[in-house]
Trainee: 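What follows is a single structure, and I will ask about it in a moment.
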2 protein chains.
Amino acid sequence: MKPTIRDVAKMANVSISTVSRVMNSPESVVESKKQRVLGAIEELKYKPNALARGLISKKTHTLGVVIPDIRNAYYAEIIRGMEDASKKLGYSLIICNTDADRNRLFSYLNTFYEKQVDGLLYTSDAVFPDYYKELKRLRMPVVLVSTHSMEYELPSVKIDDEQAAYDATAFLIEAGHRSIGMISFDLSDSIAGQTRYQGYVRALREHNLEFSKDNVFFIQEYYHDPYVAAESLLRQAPNLTAVFASSDVLAMGLLSYLYEKGIQVPDEISVIGFDNIRVSSLTIPKLTTVAQPMYQIGYRAVEKLDARIGGEADPQLRELVPHEIIVRGSTRRLK
Amino acid sequence: MKPTIRDVAKMANVSISTVSRVMNSPESVVESKKQRVLGAIEELKYKPNALARGLISKKTHTLGVVIPDIRNAYYAEIIRGMEDASKKLGYSLIICNTDADRNRLFSYLNTFYEKQVDGLLYTSDAVFPDYYKELKRLRMPVVLVSTHSMEYELPSVKIDDEQAAYDATAFLIEAGHRSIGMISFDLSDSIAGQTRYQGYVRALREHNLEFSKDNVFFIQEYYHDPYVAAESLLRQAPNLTAVFASSDVLAMGLLSYLYEKGIQVPDEISVIGFDNIRVSSLTIPKLTTVAQPMYQIGYRAVEKLDARIGGEADPQLRELVPHEIIVRGSTRRLK
DNA sequence: ATGAAAGCGCTAACAA
DNA sequence: TTGTTAGCGCTTTCAT
């Protein structure tokens, strides 16, 4: 059997409270006893049982995280940031993939509640009323990651998606493009879909360019073939000179499609992606893209959640982190 | 406060054991009481505290997983398989990135032990003696994933790396190539490095091709720029007609480098990758690669671990799952 | 400074 | 079938 606090107490010839003390407030234990206890702990390789501790302290030092799909490089990068921050702050992460399925989400929420996680990191997907109600009921501290909520007072960390999409489009416009297409996530996705689409539209408008419905192709976020999306857009709008893709993977699908069709990038069509996932510097040509600081988003989210768990007042409920356009080889300036 | 079993008992006017029974062996409770209890549970939205349960049952229904880095698409895919299997079998996953750092690994092992995880999924990296000793001591059920151990009696799930590398190389040879290079992980990596390298060497030998040291470039697995690796290999061996890259990301770096140099793929050089990560079908040209069933590896590993936790005898300690060559556009047959 | 004892929320004997 | 009771391994009063 695993050694318990009793075994340590017995071996050190003290009471279990003393053992507990050397672990939690060592200064309150007289040196000689402390040494005996430490010796016993070492000898028995004793490690406190986190379940027993959590039962009393009401803290598990465990955070729940829900994401749509870890296979998505974007989320993987965020998770890594979360993990590093968690290590620093003493948390473990339980990670769950929802596939944006509400049943799966609620099922995981339930698991988190039963396992008494200290807080929840909720990534992407808008917060719908049922979900908010459930969160309130469970009284679970939460931080929204790469999503936010204007209706509810929920802390969040993300980039300014509308502005980022605006910047991507404006970058193309300033490079001389007039016929600019977009591959967008569906408008039902209020963050990566709607907002970025609005940024695109605003950029066109503010630069007095005409907006055409045909220049935009909407895809369902999950499991849609990026190659097919590219094909569909180009069929609708064959005369584009530039395309803004809502994600790097979508941009890669586009690159791949254009290559097959013998259309030169960036000579005939410029392509700008979104996210700056790792492989975007290995595409052909190297992808110009709007970089999100994914790692920092995840890292910051955990710090924010930790502060919240600690009962600290949040100076900034909805945090916006900076994005940045990384110019590589897939875009060119039009004469 | 959260409702406890006592609140339910009080409301339903039964003892706490009865409540416990309707949750654990409902058939042993008389219908009328059961209904009252169920009603109270529903009304109070009562959910059992997993810490308290675990303290008694010695089961947390939580698994620890250590991987080098979740940002690596290969691992992300495996994790997803693990997660789905875990959901099916009622486990949660605590995921930790080690960056192949032993201190980090041991630190996480310790956390897992304290948190009383039911088992451990250990991904990649060979099992060194210290680590094995620690596992033995902790008496933690473990399954090795994408790695294995010949010295120790540890269950594992992976492909046959040597054979897969052999097949990749043989595929190139059978397509008429005689001057075949390899970008390999360092030999200190006994799985993805050494074994695949051996497969490459064996394929050459069995086909009576001469082996040249210059045709192979070794990289350190982590944080090495794939682009630079490609450059180094081609400098050492400018006359290759085909290259076998030990991972798809490495292959992408090679594709990118060759493109910059104006070297046509597959016309001048054929490239075959390894893993079949998602983006490998979006490269230019589309990548021929050795596919590993990552998702299944993860999924199977959890099933295997679950069986082990359940005390079942393992019919097959070291499981090999099939790999497969996916022929796409980055390789061609030499006349 | 230290130990005895109560109790976190639950399960599992043991009685009834 | 049901309730009472004794823990699971720990922290935390409360005495001493």
Side-chain angles (χ1 to χ4, degrees), chain A residues 1-38 40-41 44-62 110-118 138-139, chain B residues 1-38 40-41 44-62 110-118 138-139:
Chain A
M1 283 306 298
K2 295 180 180 176
T4 74
I5 198 171
R6 286 202 156 61
D7 301 314
V8 176
K10 198 166 301 173
M11 173 172 283
N13 240 294
V14 296
S15 73
I16 60 168
S17 353
T18 300
V19 178
S20 177
R21 282 190 194 97
V22 337
M23 299 173 57
N24 300 302
S25 49
E27 69 286 356
S28 70
V29 177
V30 87
E31 191 59 24
S32 64
K33 288 200 178 172
K34 180 157 54 185
Q35 288 312 324
R36 265 166 35 216
V37 170
L38 256 16
I41 287 178
L44 293 170
K45 304 271 183 215
Y46 166 77
K47 300 279 189 302
N49 182 322
L51 296 187
R53 280 187 148 174
L55 198 51
I56 300 171
S57 68
K58 310 288 181 202
K59 297 226 143 301
T60 54
H61 300 283
T62 302
N110 188 48
T111 303
F112 289 155
Y113 180 78
E114 293 186 4
K115 295 201 172 168
Q116 318 288 319
V117 299
D118 296 338
L138 302 181
R139 281 203 208 72
Chain B
M1 284 305 298
K2 295 180 179 176
T4 74
I5 198 171
R6 286 201 156 62
D7 301 314
V8 176
K10 199 166 298 173
M11 173 172 284
N13 240 293
V14 295
S15 75
I16 59 167
S17 3
T18 300
V19 177
S20 178
R21 281 189 195 98
V22 338
M23 300 173 56
N24 299 303
S25 50
E27 69 285 354
S28 72
V29 177
V30 86
E31 191 60 25
S32 64
K33 287 197 178 170
K34 180 157 54 185
Q35 287 313 324
R36 266 168 32 218
V37 170
L38 257 15
I41 287 178
L44 293 170
K45 304 272 181 214
Y46 166 77
K47 300 279 189 303
N49 182 322
L51 296 186
R53 280 187 148 174
L55 199 50
I56 300 170
S57 68
K58 309 287 182 202
K59 298 226 141 301
T60 53
H61 301 282
T62 302
N110 188 49
T111 302
F112 289 155
Y113 180 78
E114 292 187 4
K115 294 201 172 168
Q116 319 287 319
V117 300
D118 295 338
L138 302 181
R139 280 202 207 75

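Order of the sequence lines sets the chain letters (A, B, ...), proteins ahead of strands, with each chain counted from 1.
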Trainee: Between B/Ser17 and D/dT4, is there a side-chain N or O to OP1/OP2 distance below 4.0 Å?
Mentor: no
Trainee: Indicate whether the side chain of A/Thr62 and that of B/Lys115 have a donor and an acceptor atom separated by less than 3.5 Å.
Mentor: yes
Trainee: Quick one: is D/dT11 close enough that its OP1 or OP2 comes under 4.0 Å of any side-chain N or O from A/Arg53?
Mentor: yes
Trainee: Looking at A/Lys47, I'd like to know whether one of its side-chain N or O atoms comes within less than 4.0 Å of OP1 or OP2 on D/dG9.
Mentor: no
Trainee: Calculate, to the nearest 0.5 Å, the distance between atoms CE and NZ belonging to A/Met23 and A/Lys34 respectively.
Mentor: 14.0 Å
Trainee: Rounded to whole angstrom units, what separation is found between the CG atom of B/Leu51 and the P atom of D/dG7?
Mentor: 22 Å
Trainee: Would you please confirm or rule out a distance under 4.0 Å between OP1 or OP2 of C/dT2 and any side-chain N or O of A/Lys33?
Mentor: yes
Trainee: For C/dT11, does either OP1 or OP2 sit under 4.0 Å from a side-chain N or O belonging to B/Asn24?
Mentor: yes
Trainee: B/Lys59 has an atom NZ; how far is it from atom P of D/dC8, in whole Å?
Mentor: 18 Å
Trainee: Whether the B/Lys59 and B/Gln116 side chains hold a donor-acceptor pair (N or O, under 3.5 Å, no angle test) is what I'd like checked.
Mentor: no
Trainee: Hey, does A/Ser20 reach any base, or is it just sugar-phosphate, or nothing, if we go heavy atoms under 4.0 Å?
Mentor: base
Trainee: Just one of A/Thr4, A/Asn24, A/Val29, A/Val8 clears the side-chain contact (heavy atoms from CB on, under 4.5 Å) bar with A/Val19, so which one?
Mentor: A/Val8
Trainee: Using a cut-off of 4.0 Å on non-hydrogen atoms, how would the nucleic acid contact of A/Val19 be classed: base, sugar-phosphate, or nothing?
Mentor: nothing
Trainee: Counting any heavy atom closer than 4.0 Å, what does B/Ile16 reach on the DNA or RNA strands: base, sugar-phosphate only, or nothing?
Mentor: base
Trainee: Are A/Ser15 and C/dA4 close enough that a side-chain N or O sits under 4.0 Å from OP1 or OP2?
Mentor: no
Trainee: For A/Lys58 and C/dG9, is the shortest distance between a side-chain N/O and OP1 or OP2 below 4.0 Å?
Mentor: yes
